[in-house]
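For reference, the structure discussed in these notes is given below.
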Amino acid sequence: MIKEIEIVCQPGQHEDEAILTKLAASALNINPLKITGIQVLKRSIDARGRRVVYRMQVKLFVEEAYHPESYTVNYPDVKNAKPVIIIGAGPAGMFAALQCIEQGNKPIIIERGKAVKDRRRDLANINKQGLVNPESNYCFGEGGAGTYSDGKLYTRSTKRGDVNGVLKTFVAHGASADILVDARPHIGTNKLPQIIEAIRETILNAGGEIHFDSKVTSLLVDFGQVKGVQLASGEKLHANAVILATGHSARDVFEMLHRQNILIEAKPFALGVRIEHPQEIIDRAQYHCDLRDPDLPPSYYNLVEQVDNRGVFSFCMCPGGIIAPCATEANEIVVNGWSPSKRNNPYANSGTVVQINLEDVAGDTKDPFKMLHFQTQIEQLAFKAGGGSLVAPAQRMVDFVNGKLSVDLPKNSYLPGTKSVELKEVLPHWINERLRKALPAFGRKMKGYYTNEAILVGVESRTSSPIKIPRDKETLQHPQVKGLFPCGEGAGYAGGIISAAIDGINCAVGCQNLDS
Ligand SMILES: Cc1cc2nc3c(=O)[nH]c(=O)nc-3n(C[C@H](O)[C@H](O)[C@H](O)COP(=O)(O)OP(=O)(O)OC[C@H]3O[C@@H](n4cnc5c(N)ncnc54)[C@H](O)[C@@H]3O)c2cc1C
C-alpha cells in the first residue's frame, strides 16, 4: 500500500528518516517496521504558533517495494541536426538548449561573457578593486545572471510550464534533491557554478555548441525572416531560428534591435534600494525567539505596502546573504543580493522597491528607451554619489525616514564599500517619499524591522527589464521577424531563474513548431 499523509515534527527531526518513519507509523497506528520506505513530497516551516515546527507531506510505502526516484535524463545526439541559434547562456538560453536537444535540434549558444571559472576572476576584480568588465560580470557570462545569483527557485509562474521538470533538471545536474520538496527551494551561490558547468557538459556531449567571448552585434534578417547572427568578430552564423535570451542588462542588444528597425517597447519596472539587517533581528521577529534554534534556517520576510497608489515591496530576499555589485558598466552602481547554500552570513538583505509606471517618468511614452534611460540615469547618479570605485551611497533606515544624513554606517556585507549619503540625492522624490512612508509601515508589520541598525544601499534598479520585445502570443515569434524568438527576462517574459528557464523551454518548442 502507498499512502500520502502530513506529519508535523520539530526542527532537527525533519531530516532524520528514522524519526519521520516513527512519526508516520504512529499517525497511521501501525508498526514502523511495516514501512519500507518514506519519501518527503513537500516540506515547509510553520512559524505561526509559538513553537516553530516543520510540516511534511510524505509518501509512505507500507509492506510494498520501495523505489526511490532518480533524476537522470538521456539526451540524443544532435550534432548533425537542424541548428537553432540561442543568444545568451543564462537560464533561458541554457534550458532552451536542453529542450532543443530533447526535441532533436542542435543548439548553438552564443555568449558574450566567459565560462564560469574565468568569470570568477572578473567578479573578484569587481568586489576588490571596483573594476567592472562590461563583458564579464555578475550579469554576463556562462549561466547569465543566474550563476552568481542567490538561486532561490520559487516562482509564481506555475501556469507557464513544468516547474518541477526544471527543478528535476537541476537535480540531474548536481543540485540537492531537497529543492524538489522544500516550499522555498534554494541552491545558493556557491553551488550554482558547478551545476551550470554540468549543464554545459550535457549540451556539449549531445553535440550542441557553446561559443564564449562571442558577442552578437546584429541579426541577419532577409525579407522578414531571420537568417542568423553576426558577431563582434565579423563572423556570421546561420540558422532559420534564433532565440534572443540576452537578459535585462544587455542595453546594446536593445540598441541593436532599434537600429535594425525591429520593434521594442518601453516597459514598467520597479526601483529602490537594497536593505540589510543583522540576520538575528529577522530571526527574532519571525521565529518569536531571542536566539534562532540552530536546526532552523535563517528566516526570511516578504513585505508589501500600497503607498500613494503604488506598490512598495521587498524583493529577492536573501537570508544570511551578501549585497552584490551587479553593474555592467564602469560608471554605474547596481546592487542585488545572493547567499551561500548554508545562508550563514550574519546579514539579511532584500531589494525594497517601488513600482514605476510609464507615466511616472518624463518623456515621450512612445520612446522605447524612456524607462531604460531613466534607469541608467539613476545608476550613474548613485555612482557619482558614492564617489567612484563602486562605493555605494547608503543611509541608516531611521535616518533615511527622518531625512537625516547618517553620522556613521553600520557594518555591512557590500564589499566595495559604502558611503554615507542622503539617498534623496539619488532617488527621485516620488520614489524616495514612498519608501520613506513604507518603511515604518513595514516595521508595524514585523517587529524589529524598523531600526537604525538597518542600512539602505542604493540602488536596486535591475528588478526587471525596462524594455519589452514584443512577440506573438501563440508562436512566440517577433511580429516583424519570422524565426526570431524574444525570450526570458530581457525580453520581458520572465522574472527569475525558473520563469526564465520555462520561457527558454517554451521558445525552443516554438522553434520545433517552425520546422513542422
Ligand atoms: C545577484 C543576483 C541574484 C539573483 N537571485 C535570484 C534568485 O535568488 N532567484 C531567481 O529566480 N532569480 C534571481 N536573480 C535573477 C535571475 O538571475 C534572472 O532572472 C535570470 O538569470 C534571467 O535569466 P535570462 O536567461 O533571461 O537572462 P540572463 O541570466 O541575464 O542571461 C542573459 C545572457 O545573455 C548574454 N548576452 C547578453 N547580450 C549578449 C550578446 N549581445 N551576445 C551574446 N550574449 C549576450 C549575457 O552575457 C548573459 O549571460 C538574481 C540575479 C542577480 C544578479
Side-chain angles (χ1 to χ4, degrees), residues 85-97 109-116 119 123 126 133-157 163 166 184-189 192 196 210-219 229-232 237 242-257 274 300 315-319 321-328 334-339 343 349-351 460 462-465 486-504 507:
I85 291 177
I86 299 167
I87 317 175
M94 288 206 132
F95 276 79
I109 299 187
I110 317 288
E111 169 55 53
R112 74 195 295 162
K114 303 178 187 173
V116 161
R119 200 176 158 188
L123 298 193
I126 291 176
N133 176 344
E135 305 302 334
S136 174
N137 44 59
Y138 273 93
C139 295
F140 295 163
E142 184 177 21
T147 308
Y148 295 98
S149 76
D150 190 29
K152 287 181 289 294
L153 299 179
Y154 26 94
T155 177
R156 276 167 293 175
S157 53
V163 173
V166 172
R184 299 178 68 84
H186 170 245
I187 293 183
T189 314
L192 281 160
I196 298 297
I210 306 186
H211 302 257
F212 293 115
D213 295 307
S214 303
K215 180 160 68 176
V216 169
T217 49
S218 63
L219 298 175
V229 297
Q230 177 157 2
L231 309 185
L237 296 164
V242 172
I243 296 179
L244 182 65
T246 42
H248 60 27
S249 290
R251 291 174 171 164
D252 48 1
V253 169
F254 299 128
E255 278 158 19
M256 168 188 92
L257 295 171
R274 204 145 261 261
Y300 70 94
F315 170 82
C316 183
M317 199 269 153
C318 303
I322 300 269
I323 301 182
C326 294
T328 45
V334 178
V335 289
N336 205 312
W338 61 265
S339 66
R343 290 184 153 158
N349 69 64
S350 76
E460 177 92 19
R462 307 263 175 109
T463 49
S464 72
S465 185
C487 178
E489 189 163 35
Y493 301 101
I497 296 167
I498 297 286
S499 56
I502 287 176
D503 202 52
C507 287

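Start at 1 and go down the list; that is how both ligands and their atoms are numbered. Everything numeric in this text was worked out from a predicted model, so none of it was measured.
For ligand 1 and A245, the ligand atoms under 4.0 Å from any heavy atom of the residue are 32 (C), 33 (C), 34 (O). Close approach of ligand 1 to A250 is summarised as follows: ligand atoms under 4.0 Å from at least one heavy atom of the residue are 37 (C), 38 (N). Within the listing of ligand 1, atoms 26 (O) sit less than 4.0 angstrom from a heavy atom of G488. For ligand 1, the atoms sitting less than 4.0 Å from at least one non-hydrogen atom of G496 are 10 (C), 11 (O), 12 (N), 19 (O), numbered in the order shown with element in parentheses. Those atoms of ligand 1 that come under 4.0 Å of a heavy atom in G141, given as number and element, are 47 (O), 49 (O). Near I87, meaning under 4.0 Å from any of its heavy atoms, are these atoms of ligand 1: 42 (N), 43 (C). Counting the atoms of ligand 1 from 1 in the order shown, those under 4.0 Å from a heavy atom of C139 are 48 (C), 49 (O).
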Step by step, would you call V216 with V253 a side-chain contact (heavy atoms from CB on, under 4.5 Å)? CA-CA 8 Å; V216 169; V253 169; over 6 Å; no
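Residue E489 holds the heavy atom nearest to atom 15 (C) of ligand 1 of all those in E489, R119, R251. Counting heavy atoms only, V216 comes closest to atom 41 (N) of ligand 1 of the residues L231, I322, V216, I323. Scanning G146, A491, S218 for the heavy atom closest to atom 21 (O) of ligand 1 points to G146. When the heavy-atom distances from atom 8 (O) of ligand 1 to H186, R112, K152 are ranked, the shortest goes to K152.
Among all protein heavy atoms, the one lying closest to atom 4 (C) of ligand 1 is S149 CB, 3.1 Å. Shortest contact from atom 27 (O) of ligand 1 to any protein heavy atom: G247 CA, 3.5 Å. The protein atom (non-hydrogen) at minimum distance from atom 53 (C) of ligand 1 is N336 ND2, 3.6 Å. Of the protein's non-hydrogen atoms, the one nearest atom 35 (C) of ligand 1 is E111 OE1, 3.3 Å. Scanning the protein heavy atoms around atom 28 (P) of ligand 1, the nearest turns out to be A145 N, 3.7 Å.
Proximity of I497 to ligand 1, defined as any heavy-atom pair under 4.0 Å, is shared by backbone and side chain alike.
Ligand 1 lies within reach of C316, whose nearest heavy atom is under 4.0 Å from it. In this structure, G337 is part of the shell of residues with a heavy atom less than 4.0 angstrom from ligand 1. Using a 4.0 Å heavy-atom cutoff, A501 is absent from the residues neighbouring ligand 1.
Side-chain N or O atoms of R119 include one that pairs as donor or acceptor with a backbone N or O of F140 at under 3.5 Å. When atom types are taken as modelled, the side chain of H186 and the backbone of D150 share a donor-acceptor pair closer than 3.5 angstrom.
Taking CD1 of I323 as the reference point, atom OG of S350 lies at 9.0 Å (rounded to 0.5 Å).
Both tests hold for R184 against Y300: distance to the six-membered ring centre under 6.0 Å, angle to the ring axis within 45°.
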